[in-house]
Amino acid sequence: MLLDMQEIRKSFNAGPVLHGVDFQLERGQIHALVGHNGAGKSTLMKTLGGNFADYGGRIRIDGEEVVLHSPKQALAKGVAMIYQDFSLIPDLSVADNIGLGRDPRGKLPGLISHSALRKRSAEEAEAVGIRLPMDTPVRQLGVAEQQLTEIVRACSQNARILVMDEPTARLAPAEREHLFDVMRQMARSRGVGIIYISHFLEEIRQVCDVVTVMRDGRIVETGAASAYSVPDLARLLVGHDDIVAATANATARPSSGKPLLEIEGLAVAGRPPVDLAIGAGEIVGIAGLIGSGRTRLARAIIGDVAASGRIRLAGRDLPRRTPQRSADAGLVMVPEDRKVSGLALASSIEENMAATALAPRLSRFGIIRAREKRALVESLIAKFGIRPPDRKRAVGTLSGGNAQKVLVARAVAARPKAMILDQPTAGVDVGAKGELHKLVELSAAEGAAILLISDDLDEILALSHRVAIMVGGRVKEVLPREGLDRASLLAAISQGAPE
Ligand SMILES: Nc1ncnc2c1ncn2[C@@H]1O[C@H](COP(=O)(O)OP(=O)(O)OP(=O)(O)O)[C@@H](O)[C@H]1O
Ligand SMILES: [Mg+2]
């Protein structure tokens, strides 16, 4: 047995999170670890990655009992990690970041020649078939490229055990397929044992041999992946039957024909201009491959990157936009990267919610009254199912999916006229995803105009009234929802793309 974790326990100040977990992994096995948001998946894997000096229980690797009290010790025993929230150094280049993780004995990149390091990093990326701009500072990359950098770094560490915590949460379908090939190759030809965490339950049967389901800090079940259907897994991880279908049918028609958000001739950095009008109550999906310019378009709309052209909201021009001015006018964006641009991790759930989005709503009373604020925050926590339901909890201590819910809740709560959601359900479990979809539909039903960027084509199909197809920085066409399915959508976004 490659890995044998026995009776693993871990508590934080707020209480126990892992209640004696047993987990086993064989050489060459791809083992899925699934569970609801906050079940304890990341905590179990962080334990294996040497992040806690105070865990209980025993860990054996290849029969040898090991103590993993630091990431360095874990790496020395052959454990490589891809963390759910990135651990890259933003100001270093892609090549440096890949190189950083390579030598567990801690050689600094400055000690070897830069060109040698760059060459090795490029070779390692190539070995797993991933292409990246090696000299670009990681800060300038999109989220997907950051994810790919993490993957190359982990793959290059010559690991016996590779932990991937939601590596596909921010990857488009084509990139996912490619990652699966890389995983199979590492498992089959190098005998690496892979632990794979994902909320995309369809992926489990496709790429994993074995699946383990966690709920509330305990293992519920382990078995051959082929023995479980997607609904089986969904039931097991939520713990009850009533799951809101995450793929509900497209909702009622938008309430008015009059456009609420008008984008006219919006051109970013020499790309062709974009024209798009979204009605009150309408949800327009934006589908495209990674690098097709979806996030950049969204940021140009709210004034976060420079662009020519004009934006009108409810008939009024929004000149000289900044994200703050746009938000004040009623146009908000929920960014895809919750860690960098979304949330203040050291602040509480309440402070994060009150910081921006709630302020305009509460200032109607002149001042933000503590009682009103508290009631509103608590209703949001309940409505969005944020766990634990404690408004004073620092956002940085929430599980990944729960932090994501805080981000979306904050925007929805402000009742904006128009809302841009960039990958709103990345990392959210099946149960919560359906709930989030209902809340987005509710915002639309209340008259908001919504732009929805998502790599999850089923999500686009479930929510959108129309779908804008982006290829190479421009909106190629805008299609009505009727008559679209997964395959036709995938064909549309892949067409005319490079490669
Ligand atoms: N540093 C911390 N301090 C306090 N509590 C924490 C800390 N890290 C995690 N927790 C708590 O431990 C529980 C399990 O979190 P964990 O991140 O392991 O969940 P998860 O299964 O990975 O969920 P997700 O699917 O949302 O990523 C949660 O209730 C979380 O709030
Ligand atoms: Mg997690």
Side-chain angles (χ1 to χ4, degrees), residues 5 8-21 23 31-57 71 81-87 147 150 163-170 195-201 203-204 211-220 233-234 236-239 246 337-339 342-343 345-350 352 381 384-409 423-436:
M5 300 176 84
I8 303 297
R9 295 175 185 276
K10 168 67 192 157
S11 298
F12 295 103
N13 291 337
V17 166
L18 301 178
H19 307 269
V21 172
F23 184 88
H31 192 138
L33 183 58
V34 302
H36 62 81
N37 292 133
K41 306 177 296 294
S42 294
T43 304
L44 183 65
M45 289 302 116
K46 282 179 185 164
T47 307
L48 178 62
N51 291 274
F52 307 127
D54 63 344
Y55 66 87
M81 305 275 301
I82 297 169
Y83 289 100
Q84 180 172 15
D85 286 311
F86 303 124
S87 58
Q147 184 83 79
E150 289 258 359
V163 178
M164 310 179 107
D165 196 347
E166 299 193 36
T168 59
R170 294 175 178 78
I195 301 166
Y196 183 77
I197 301 179
S198 176
H199 289 291
F200 293 105
L201 301 178
E203 295 180 351
I204 305 299
V211 59
T212 288
V213 183
M214 274 186 92
R215 197 193 310 146
D216 298 328
R218 294 188 167 82
I219 304 290
V220 193
L233 289 174
L236 275 174
L237 72 87
V238 176
D337 190 340
R338 58 182 174 253
K339 206 170 175 189
L343 296 165
L345 296 179
S347 304
S348 68
I349 295 176
E350 178 169 76
N352 269 281
I381 288 175
F384 282 80
I386 293 164
R387 297 277 176 288
D390 172 6
R391 69 197 160 87
K392 296 286 185 203
R393 267 291 278 268
V395 166
T397 71
L398 295 178
S399 77
N402 280 295
Q404 183 65 27
K405 290 187 226 166
V406 173
L407 191 65
V408 179
Q423 315 282 10
T425 61
V428 168
D429 71 48
V430 275
K433 197 170 189 174
E435 296 290 341
L436 267 184

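Because the structure is a prediction, the values reported are computed rather than measured. When a ligand or atom number is given, it counts from 1 through the structure's own listing order.
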Mind listing the closest non-hydrogen atom pair of Asn37 and Ser399 along with its distance?
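Scanning both residues, the minimum pair turns out to be C-OG, 3.8 Å.
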Treating [X] as the side-chain partner and [Y] as the backbone partner, does any N or O pair qualify as donor plus acceptor under 3.5 Å?
X	Y	answer
Lys41	Gly35	yes
Asp165	Ile197	no
Asn352	Ser348	yes
Glu166	His199	no

Taking atom 24 (P) of ligand 1 as the point of reference, which of Asn37, Ile386, Leu44, Thr43 owns the nearest heavy atom?
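Shortest heavy-atom distance from atom 24 (P) of ligand 1: Asn37.
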If you measure from atom 31 (O) of ligand 1 to every heavy atom of Arg215, Arg387, Arg393, which option wins on shortest distance?
Arg393
Whether His31 and Phe23 hold their rings parallel, tilted or perpendicular, with breakpoints at 30° and 60°
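Taking Phe23 first and then His31, their aromatic rings sit tilted (interplane angle of 30° to 60°).
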Relative to the heavy atoms of [X], which atoms of ligand 1 are at a distance of less than 4.0 Å?
X	answer
Leu398	31 (O)
Val17	11 (C), 12 (O), 13 (C), 14 (C)
His36	21 (O)
Gly401	24 (P), 26 (O), 27 (O)
Ser42	17 (O), 18 (O), 20 (P), 22 (O)

Val34/Thr212 under side chain to side chain contact (heavy atoms under 4.5 Å, CB included): CA gap, chis, key distance, verdict:
CA-CA 6 Å; Val34 302; Thr212 288; over 6 Å; no
Considering both backbone and side-chain atoms of Gly38, is one of its nitrogen or oxygen atoms within less than 3.5 Å of a nitrogen or oxygen in ligand 1?
yes
Run the contact test for [X] against ligand 1 with a 4.0 Å cut-off on heavy atoms, strictly below, and give the result.
X	value
Asp429	no
His199	yes
Gly35	no

Return the residue, atom name and 0.1 Å-rounded distance of the protein heavy atom closest to [atom].
atom	result
atom 1 (N) of ligand 1	Phe12 CE2, 3.6 Å
atom 27 (O) of ligand 1	Gln84 NE2, 2.9 Å
atom 6 (C) of ligand 1	Thr397 O, 3.2 Å

Lys NZ or Arg CZ of Lys405 over Phe384 ring: under 6.0 Å, within 45°
no
Per the side-chain hydrogen bond (donor to acceptor under 3.5 Å, both in side chains) rule, which among Arg387, His36, His19 passes with Asp216?
His36
Examine the proximity of ligand 1 to Glu166 and report which part, side chain or backbone, both or neither, has a heavy atom under 4.0 Å away.
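Side chain only.
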Quick one: do Gln147 and Ile82 satisfy side chain to side chain contact (heavy atoms under 4.5 Å, CB included)? Show the steps, please.
CA-CA 9 Å; Gln147 184 83 79; Ile82 297 169; 4.0 Å; yes
Suppose we only count N/O/S atoms under 2.8 Å; would Ser42 qualify as near the Mg ion (ligand 2)?
yes
